[in-house]
Every structure is written in structure tokens, then in C-alpha cells.
Amino acid sequence: MSDSSRATQHPTFCRLCEPLCGLIATVQDGRLLGLAPDPDHPLSRGQVCPKGLAFTEVQNDEDRVLHPLRRRPDGAFERVSWDRALADIGSRLADVVAGHGGSSVGMYVGNPAGFNSELALWLGAFRGALGVPQIYTPGSQDSNSRMVANRLLYGALTQTPFPDLWRTDFLLVLGANPLVSHMSLVRVPRVREVLKDITGRGGRVVVVDPRRTETARAFEHVAVRPDADVWLLLSLLHVVLGEGLADEAAIAEQSSGIAFVRRAVADHPPERTEERTGVHAEQVRRLARDFAAAPSAVAYGRLGVCLGRHGTLANYLIDVLNLVTGNLDRAGGALFVRGVVPMEDLAERSGQASYGAARSRVGGFPDVLGTFPAAVIADEIVTPGTGQLRALFTLAGNPAHSTPDPDRLTAALPALDLHVAVDLYLNETSRYADYVLPATTFLEREDITVMLANAGQPFVQATPAVVAPYGEARPEWRVLDDVLRAAGLGPFAPGRAGRLVGRLGLTPRRVLDALVRIGPYGDRFGLRRGGLSARRVRSAPHGIVLADAPPTGLRTEVVRLPGHRVRLDAPEIVAELARLGDRHESDPAYPLRLIPLREMRSLNSWLHNSPTLMRGEARRHRARINPVDAAALGVEEGAGVRIRSRHGEIETVARVTDEVGPGTVAVPHGWGHAGGWRRANAAGGPNVNRLVAAEVGEVERLAGMAHLSGVPIAVEPLAAQPAGSVEAVGAANEVSAGPA
Ligand code: SF4
């Protein structure tokens, strides 16, 4: 960090998404002047995406919240001091806990927490101090079904196998768009190059998706109907097992329960599923044969798979396909994880990686990693009884925008006794908070890359804060700590480990440093020559590559089931398969199917306040509709359309394109802002989540996932363009300078 009047440059890394690309920050007089790619970063090697560079505009955004704000009765916010804010929050939180117990306190933690090792570590303090508060994350909108599949297959919730892209001969991508998302749950800098290398060495990349995505255009595309992945995967397995293409030795060595799989897939030949999947039977047979015959192959699925009616089942089947073709835990296949800090192992052994240890009060959904479905937050607030949600903390999250049926949650928020947001912005959720507390950006805090172990080359990098916090911003972990102290609950109050940590006065930095030293690559406090210590990591500002390739043969370390065998016949899976298709309604009033669409210059519910990322005509909200459907409906290119589901409706503008097949409509998510971010508001567009239900019966059973893909919809032309303009945000977003 530099305060000199001379501009200085500082290696650091982006913490917006999984690649964690290397950046060079230029700083002068405590202000960030700009971000550039780090050419010396061993993995990203001078390549970043537009979002990483545009973070300068977030850092310096005049709409950022830089001081604690208190909401006045008229809805406007006024500035208060940290001391005043914490005293009032602490006292009101203590009242809620005394009157209703810790279970009446909840927290929604947004995606950025996944790239903030200090906060991730310290969230345990909040949980420990309050008993078992209701924790919510975007996991129930993007990945919990993946986690539950891990639990059922491997007995280890956090052990998501990742594709060995660097050695594979055949990559089968389902419901993911790596050229835009830069991969998810796996760290792949320079992903375009990595995928091109597969075809360059004679391999194949096949993308199964209802939309001809950017990745599908660059490689091979199999157009599948929305939310039909389960049937396609069953048919692929039918061919592999039925035609004797399976690796029987691998099945026998690695798994138990294959008899169930053989029975389950027997009824799903491609000829029987092609009407549902839209994929010709012969194409499915060829795909299965090619996948099984490849020297190495790996199937990888992400959001499009997770967001369907049977997301957990689909993820399970992807892994079964890898296993039965002999591609689990082998080079070029699907690999298990060994992190610099064994976070997964710690979570599993400490019980934090729980599944079904608790049930949500509303809907009775099993917890996943101690979290409940975000779809039920609104009902948890308004449903009376023991455990009714009365105090809510939102950290780096925007659930009133990003969860299903956002209006339902927006309407429920004022019923809370206490609502505190820790954020960079007044977003669609924090605008209803009693207090908004300013958080640091990733450039204003130190970090070490221990949160994401899934990487082609095991790697670690540390960074100091490259600028001091602007205004009065504080790191989220410190805010949590301060709130608990102010409430008289103390950090880590109950629990043996918590008490010990509290007594020792430990900080996240000290804990993380110790974990690096005892981790698989650690120096064991000097006992292992050449091992890692945090000091050594910090002395290499561009990071340290720990191995040329990820390890294989970790199944016997990772799988926590008898004989370290992968369980193919978990009762939950057996029951789910028996219910296959039970929620796939067919209603002539809603003949089309909605799929969400991720854009290169968007990041979920934020980054829409960046001028660079929102520049140009391409940054207008558009729903993609096939020419056949458009002609039948009388919809023209650039014309306004109304999209209706059984749950709500939105208006936007049509882009008529054959990148989606007939019957499918792709709508970008993350739009429709009405917070304190003026440029984002002005961008217009609707919030696609208004089409999605938050009712208990609509939530996936095994993982509590929202059903965001394959939603039945109808489209009709509008007589005029939708207003599409700024939603009035009114006094709620005014910020006045009150007494500090
Ligand atoms: S891909 Fe873009 S947003 Fe993601 S880490 Fe790299 S620079 Fe940041």
C-alpha cells in the first residue's frame, strides 16, 4: 500500500470469479488509478476479462457506500458514526436473541464471500455466537444440488470433482458456458486457450445446451430442450452400459450399487427419450460411444444443470457417467481436490459440511452446508412461530433481487425487527435495511487463495491490501466481530474451538497462516523442509505454482464411505429417480420454456454500475426468441414483448435469433435495478426472477434449489416498447449527511 504522491504498482489478484486472474494495481495518493493484467502471473499470464479491469470503476464509484448509514422513518438514509450504529445494532440484536433465541437471527451471504477467505473463516463466529441462526447463500440459486450430489456419491459435501481440462481428450459440457462464465467451481484462467488446446491435440469439446452459447459456437453443439438433461444422461448411460462400453474394472474397484444404475437406465433408451430431450436417438448413441471410446473423457455440468427440477439427480448422473467410463480420479477425467489449506477436510471433519443436520422451519428442507433455501426467506420472515426470522444480516448479497419472486421478499423485509446490510452499495435489498455498513472492496483487504482448491495447477498467492479502505469501510469479518461484541455476545461465544480462538485473540490472518503451515503443502512449522509458510507465500507476489498437474488417486482420501467406494444407490437418489418428471408440467397456456442467460459483462446482480461494462447498444436487455416462435406469435426483432409465467410477468425487448431452438426463450439475469446505484437503475431491463416461484412446492427437494431453468412461460407482443427505463426509487435511496 502506498501513500506517496508518486504512482506505484502492486501485484494483486481479481476476486470476482474463480480464475482469480493476476492484476497490477496502480495507486497514487491512496487512490486506485487503474488495474491492468499481470503479465508475470504464472497462470493467467497477462490475461483478464473486462470485469476485472472495470473493477477500478467499482473501487472509485461515487455511488459506493463509504460511511455507516441509518434509515430514517421517511425511508431516506442518514450518515451515523460506527460507534452509534454498532451500539444500536448490538442492543437490538441482543433484544431479539433474548426474546426469541438465536434461531430468529438470519444471514444472507452473497457470492463475493466465496472469494474472501477472511470472511469465510469468520462466518463461523456468527453461527457459533448465536447458536444456529438461519444462514442463506446464493448456493440455493446456483450450486447446492452439486454439493448434495457430492454428499450422496462420496459422503463428502464439498468434494466436487473437477474436469482435468489440461489432459482430457473429450470434454462434455452440460449447462455451462465457460467462454463467458470462465468456468465455475473450478479455477481455469485463460479458459478459451485451455479448451482450444483440447481440440488442438485432437480431442473434442461438445456443449450440450438449449442455447447455441458462445462456447457452443466455438466447439460442437448438441441442442437439448430446457431441463431435459436428466433424460439425456440416462440415455447416455443406457448406451454405455447396454452396449458393453463401460469400464467394468473401474466400476468394480471404485463403486458400490451399480446394479441400481443398470436397472434405472434400462428404461431410458435414446429412442424413448428423444421426444423429451429433442436430441435425435442416433446422435445420443454416437455421443455415448465416442465419450466411452475416448482415451480420456470428462463430463462437466454447471448452472443449467443445477437449476432444473431434478438438479441433484442430474449432477449425480454426470458423475456416474464419468465413473462407469473409467474417468473418475484419473488423468484427463474428473479429479478430486487437495487444497493448500484443507478447507474441505476441515469442514467435513468439524461438521460444518452438514447435510440434513437441520431442517428449515418453512418447507422442512434439509440444510446444505448449514444453509437453507433462499427461496423461503420471505416466508420465514412472515410466518409466525418459534424461530420466526426477526433479524437479518445481508453481507455482500442482494437477495431481494437475486432470489425467486423478489417482490415477495421485498414486501417481507419491512416486517423484520432488525435488518443490517454490509455492502458496497445501496442495492435492492440494503435499501430496506435499518443500517447499511460500508464494506471494503477486495483491493482494500489482504487475502490468500485458499478458498478454491479445484485447479489445474495447484497454486497459491497472497496479496496485501493495495489501497487503504476508502471512507470508513471495514472488512466484513471485522464488522461481524464488532456487531457480536456490541450485542454482548462476544466473538465465538459458545463452543470449545470458538472459546479458544477468542481467548487467543486470533484474527483470520493468523488462523489462515497456521492452516497453510499444517496443510498438505505446509512446512509443518519447520518440520518439513521446503514446505509452505504464509511468509513464503507473501514473499512471492505473483504466486507460487505447487505442482505441474493436479494429483490423481485421491479417491481413497476423499470418499468417506465404506471401502472409499462411490455409492451409486443412495436412498435419496433411488427415491428421486422414482419421481422423475413429476414436476414437469405441461400447460398449453405456457407453451415455451425459459432459460436464464449469463452475459460476459454482467456478474449476477451487480457490476451494472460500471460505465465501461454498460457501454454500447449490446448492453440493452434482450430476450432471445427463435424465429419460428417469433413468427407464430407476431413478435418482431427489437419489438417489445411481455413474458408471463404462472408466477409473474416481465416486459422486455425481443432479439429474434436461432441461437435458441423453437420453444426456448433465453433471458439475461441480473437486470432490473432499483437501488442506490444510478447507472444500474438507468440501464433498465426487467428482473427475470419475477417469473420464478418462491413457493415451497416449487423448490427442488434434495438440495432446496430454486427452479430457474425450464420454467413454463408464454410470450406476447407489446404494442409499444416497454418503458424499460428507470424504476423510480424514491426517497429510499436518498442519502443525507446527518450527524456523525
Ligand atoms: S475472469 Fe475476469 S472477473 Fe474472473 S477473475 Fe479473471 S479478471 Fe476477474
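Looking only at distances, no side-chain donor or acceptor of Ser44 sits under 3.5 Å from a matching main-chain atom of His41. In terms of modelled atom types and a separation under 3.5 Å, the side chain of Asn116 and the main chain of Pro112 share no donor-acceptor contact. For Arg524 (side chain) and Gly519 (main-chain N/O), a donor-acceptor pair under 3.5 Å exists by modelled atom type. In this structure, the side chain of Arg201 does not engage the main chain of Thr199 through any donor-acceptor pair within 3.5 Å. Looking at Ser235, its side chain does come within 3.5 Å of a backbone N or O of His268 through a donor-acceptor pair. Of the possible polar contacts, none joining the Arg567 side chain to the Ser255 backbone as a donor-acceptor pair under 3.5 Å is found. Checking side-chain atoms of Thr273 against main-chain N and O of Leu232 turns up no donor-acceptor pair under 3.5 Å. Remark: side-chain polar atoms of His221 are paired, donor with acceptor, to backbone N or O of Asp209 under 3.5 angstrom. Between the side chain of His707 and the backbone N or O of Glu698 there is no donor-acceptor pair closer than 3.5 Å. Judged by distance alone, the side chain of Thr168 and the main-chain N or O of Leu165 form no donor-acceptor pair under 3.5 Å.
For the pair His542 and Phe459, the tightest heavy-atom approach, listed with the atom from each and the gap, is O-CZ, 3.4 Å. Considering all non-hydrogen atoms of both residues, Met183 and Pro163 come closest at CE-CG, 4.1 Å. Residues Ile595 and Pro210 share a closest heavy-atom pair of CD1-CB, 4.0 Å. The minimum heavy-atom distance between Gly326 and Ala250, with the atom names listed, is CA-CB, 3.8 Å. Annotation for Lys196 and Ala218: closest pair NZ-O, 3.8 Å, computed over non-hydrogen atoms. The two residues Ser296 and Ala331 have their closest heavy-atom pair at CB-O, 3.7 Å.
Residues Glu700 and His310 fail the side-chain proximity criterion, which asks for heavy atoms closer than 4.5 Å. Within the 4.5 Å cutoff, the side chain of Val460 has heavy atoms near those of the Leu532 side chain. Between Trp231 and Leu580 there is a side-chain heavy-atom pair separated by less than 4.5 Å. Here the side chains of Arg517 and Arg536 are not in contact, with every heavy-atom distance at 4.5 Å or above. Using a 4.5 Å cut-off on side-chain heavy atoms (C-beta onward), Val188 and Glu18 make no contact. For the pair Asp247 and Thr325, the minimum side-chain heavy-atom distance is 4.5 Å or more. Between Val660 and Arg212 the shortest side-chain heavy-atom distance does not fall below 4.5 Å. Looking at heavy atoms from C-beta onward, Ser402 lies in side-chain contact with Gln141 at the 4.5 angstrom threshold.
Here CG of Asn111 is found 7.5 Å from OG of Ser143. Values are rounded to the nearest 0.5 Å. Asp227 contributes atom CG, which lies 9.0 Å from atom CZ of Arg276 (distance to the nearest 0.5 angstrom). To the nearest 0.5 Å, the span separating CZ on Phe115 from OG1 on Thr449 amounts to 12.0 Å. Separating the CG atom in Leu702 from the CD atom in Glu572 is a distance of 7.0 Å, to the nearest 0.5 Å. Going from atom CG of Leu335 over to atom CZ of Arg555 covers 13.5 Å, rounded to the nearest 0.5 Å. Tyr521 OH to Arg528 CZ: the interatomic distance, rounded to the nearest 0.5 Å, is 10.0 Å.
Tyr154 does not carry Arg151 over the face of its six-membered ring by the limits of under 6.0 Å from the centre and within 45° of the normal.
Atom CZ of Arg262 sits in a crowded spot, with more than 12 heavy atoms from other residues, nucleotides or ligands closer than 6.0 Å. Heavy-atom neighbours of Asp548 CG from other residues, nucleotides or ligands within 6.0 Å: at or below the threshold of 12. No more than 12 heavy-atom neighbours from other residues, nucleotides or ligands sit within 6.0 angstrom of CD on Glu275.
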Should Arg146 and Leu185 be marked as a side-chain contact (heavy atoms from CB on, under 4.5 Å) after you check the CA-CA gap, both sets of side-chain angles, and the distance that decides it? CA-CA 10 Å; Arg146 179 59 260 177; Leu185 297 180; 3.9 Å; yes

Could you go step by step and tell me if Asp329 and Thr552 meet the side chain to side chain donor-acceptor pair (under 3.5 Å) rule? CA-CA 6 Å; Asp329 198 21; Thr552 55; 5.6 Å; no

Please assess Arg302 against Ser181 for the test side-chain contact (heavy atoms from CB on, under 4.5 Å), listing each intermediate value before the final yes or no. CA-CA 10 Å; Arg302 277 305 292 125; Ser181 69; over 6 Å; no

Run the side-chain contact (heavy atoms from CB on, under 4.5 Å) test on Thr213 and Val180 for me, step by step, so that the C-alpha distance in whole Å, both residues' side-chain angles and the decisive distance to 0.1 Å come before the verdict. CA-CA 9 Å; Thr213 61; Val180 166; over 6 Å; no

Set out, in order, the CA-CA distance, both residues' side-chain angles and the distance that settles salt bridge (charged side-chain N to carboxylate O under 4.0 Å, His left out) for Glu282 and Arg289, then state yes or no. CA-CA 11 Å; Glu282 190 47 40; Arg289 290 168 191 150; 3.6 Å; yes

Can you list the steps and then say if Arg701 with Asp582 is a salt bridge (charged side-chain N to carboxylate O under 4.0 Å, His left out)? CA-CA 12 Å; Arg701 280 167 289 241; Asp582 66 344; 3.1 Å; yes

Walk me through it: do Tyr300 and Leu174 pass the test side-chain contact (heavy atoms from CB on, under 4.5 Å)? CA-CA 6 Å; Tyr300 162 81; Leu174 297 106; over 6 Å; no

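Ion pairing between Arg309 and Glu576 fails under the 4.0 Å rule for side-chain N and carboxylate O. With salt bridges taken as basic N to acidic carboxylate O contacts below 4.0 Å, one links Glu193 and Arg45. Taking 4.0 Å as the cut-off between side-chain N and carboxylate O, Glu214 and Arg211 count as a salt-bridged pair. Between Arg285 and Glu274 there is no salt bridge, since no side-chain N of the basic residue sits under 4.0 Å from a carboxylate O of the acidic one. Salt-bridge formation is detected for the pair Arg204/Asp290: a Lys NZ or Arg NE/NH1/NH2 atom is positioned less than 4.0 Å from an Asp or Glu carboxylate oxygen.
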